[in-house]
J.: 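Take a look at this one; I'll ask things after.
As a basis for the values below, the full set of heavy atoms in this structure was taken, side chains included, without hydrogen atoms, waters or symmetry mates. It should be emphasised that the depicted structure is a prediction, and the values quoted were computed from it without experimental measurement.
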Amino acid sequence: QVQLVESGGGLVQAGGSLRLSCAASGRTFGAYAMGWFRQAPGKEREFVAAISWSGSSTDYVTSVKGRFTISRDKFKNTVFLQMNSLKPEDTALYYCAARRWSTIATMSGEYDYWGQGTQVTVSS
């Protein structure tokens, strides 16, 4: 089992920045790819970004490309999501996820472990 705990969410004005963190514990010696998803009220969970185990491959949903950056520190079992130029439409509950494969994925069903989420609210 892998436990994931997100942090770093909060309230920010449009144009501002936040950095989300996701700390993994438990059976973290495997080669896990990681992802970030988000869910706004009344909407389905949406893929945001993913990073491979090696960190050499990343992917982003089109709406955040150029504004968000996913990275990871394998030695500390932590994944980050740097979010810049935030917009009100980025408001959502952000989830960290891990999958038992080294390659990235964009579908929520391809992930095996999930955190509880951290709220991001962007005011206009």
J.: Looking at A105 and E110, what are the two nearest heavy atoms and their distance?
T.: CB-OE1, 3.3 Å
J.: Quick check: does any side chain N or O of E44 sit under 3.5 Å from a backbone N or O of Q39, one acting as donor and the other as acceptor?
T.: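 Side chain of E44 to backbone of Q39: no pair is present.
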J.: Would a distance-only check, ignoring hydrogens and angles, find a side-chain to backbone donor-acceptor pair under 3.5 Å from Y60 to I70?
T.: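 Looks like yes, one N/O pair under 3.5 Å.
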J.: Does the pair S7 and S21 meet the rule for a side-chain contact (heavy atoms from CB on, under 4.5 Å), with working shown?
T.: CA-CA 5 Å; S7 62; S21 298; 3.7 Å; yes
J.: Taking the side chain as every heavy atom from C-beta outward, state whether F47 and M107 have any atom pair closer than 4.5 Å.
T.: no
J.: Ignoring hydrogens, what is the shortest heavy-atom contact between M34 and C96? Give both atom names and the distance.
T.: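 Heavy atoms of M34 and C96 come nearest at CE-SG, 3.6 Å.
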J.: Heavy atoms only: give me the nearest S56-S54 pair and the separation to one decimal.
T.: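 In terms of heavy atoms, the two residues are closest at OG-OG, 2.7 Å.
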J.: Let's go through L18 and V120 carefully: what are the C-alpha distance in whole Å and the side-chain angles of both, what is the deciding distance for side-chain contact (heavy atoms from CB on, under 4.5 Å) to 0.1 Å, and is it a yes or a no?
T.: CA-CA 9 Å; L18 284 173; V120 171; 3.9 Å; yes
J.: Would you sort out whether W36 and V79 count as a side-chain contact (heavy atoms from CB on, under 4.5 Å), showing the intermediate values?
T.: CA-CA 9 Å; W36 286 95; V79 177; 3.5 Å; yes
J.: So which heavy atom on R38 is nearest to which on D90, and how close?
T.: NH1-OD1, 3.0 Å
J.: So which atom in I51 and which in S71 form the shortest heavy-atom distance, rounded to 0.1 Å?
T.: CD1-CA, 3.7 Å
J.: Once you round to the nearest 0.5 Å, how far does OG of S52 lie from CZ of R72?
T.: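 Atom-to-atom, S52:OG and R72:CZ are 7.0 Å apart.
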J.: Report the distance from atom CD of Q1 to atom CG of D112, rounding to the nearest 0.5 Å.
T.: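 Going from the CD atom of Q1 to the CG atom of D112 covers 9.5 Å.
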J.: What side-chain donor-acceptor pairs closer than 3.5 Å can you find for residues 82-89, not counting sequence neighbours?
T.:
unit_1 : atom_1 : unit_2 : atom_2 : d
Q82    : NE2    : N84    : OD1    : 2.9
N84    : OD1    : S17    : OG     : 2.9

J.: Considering all heavy atoms of both residues, which atom of Y111 and which atom of G35 are nearest to each other, and what is their separation?
T.: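 For Y111 and G35, the tightest heavy-atom pair comes out as CE2-N, 3.6 Å.
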J.: Tell me, please, whether F80 has R19 positioned over its six-membered ring: NZ or CZ under 6.0 Å from the ring centre and within 45 degrees of its axis?
T.: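 Yes, a cation-pi geometry.
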J.: Just how far is it from atom CG of L93 to atom CZ of R45, taken to the nearest 0.5 Å?
T.: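 Answer rounded to 0.5 Å: 8.0 Å.
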J.: Please round to the nearest 0.5 Å and tell me the distance separating atom CG of L4 and atom OH of Y113.
T.: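 The CG atom of L4 sits 9.5 Å away from the OH atom of Y113.
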J.: Could you tell me if R99 sits above the aromatic ring of W53, with its cationic atom closer than 6.0 Å to the ring centre and no more than 45 degrees from the axis?
T.: no
J.: Would you say T118's side chain and G9's backbone share a donor-acceptor pair under 3.5 angstrom?
T.: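 A pair under 3.5 Å: yes.
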J.: Consider only side-chain heavy atoms of I, L, V, M, F, W and Y, link residues closer than 4.5 Å, and tell whether F68 and V12 are in one cluster.
T.: yes
J.: Decide if atom CH2 of W114 counts as having more than 12 heavy atoms of other residues, nucleotides or ligands within a radius under 6.0 Å.
T.: yes
J.: Is it true that F37 and Y95 have ring centroids separated by less than 6.0 Å?
T.: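 Between F37 and Y95, the centre distance exceeds or equals 6.0 Å.
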J.: Rounded to the nearest 0.5 Å, what separation is found between the CG atom of D59 and the CD1 atom of I104?
T.: 4.5 Å
J.: For atom CD of Q116, decide whether the heavy atoms of other residues, nucleotides or ligands shown that lie under 6.0 angstrom number more than 12.
T.: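 Atom CD in Q116 is not packed in, count stays at 12 or less.
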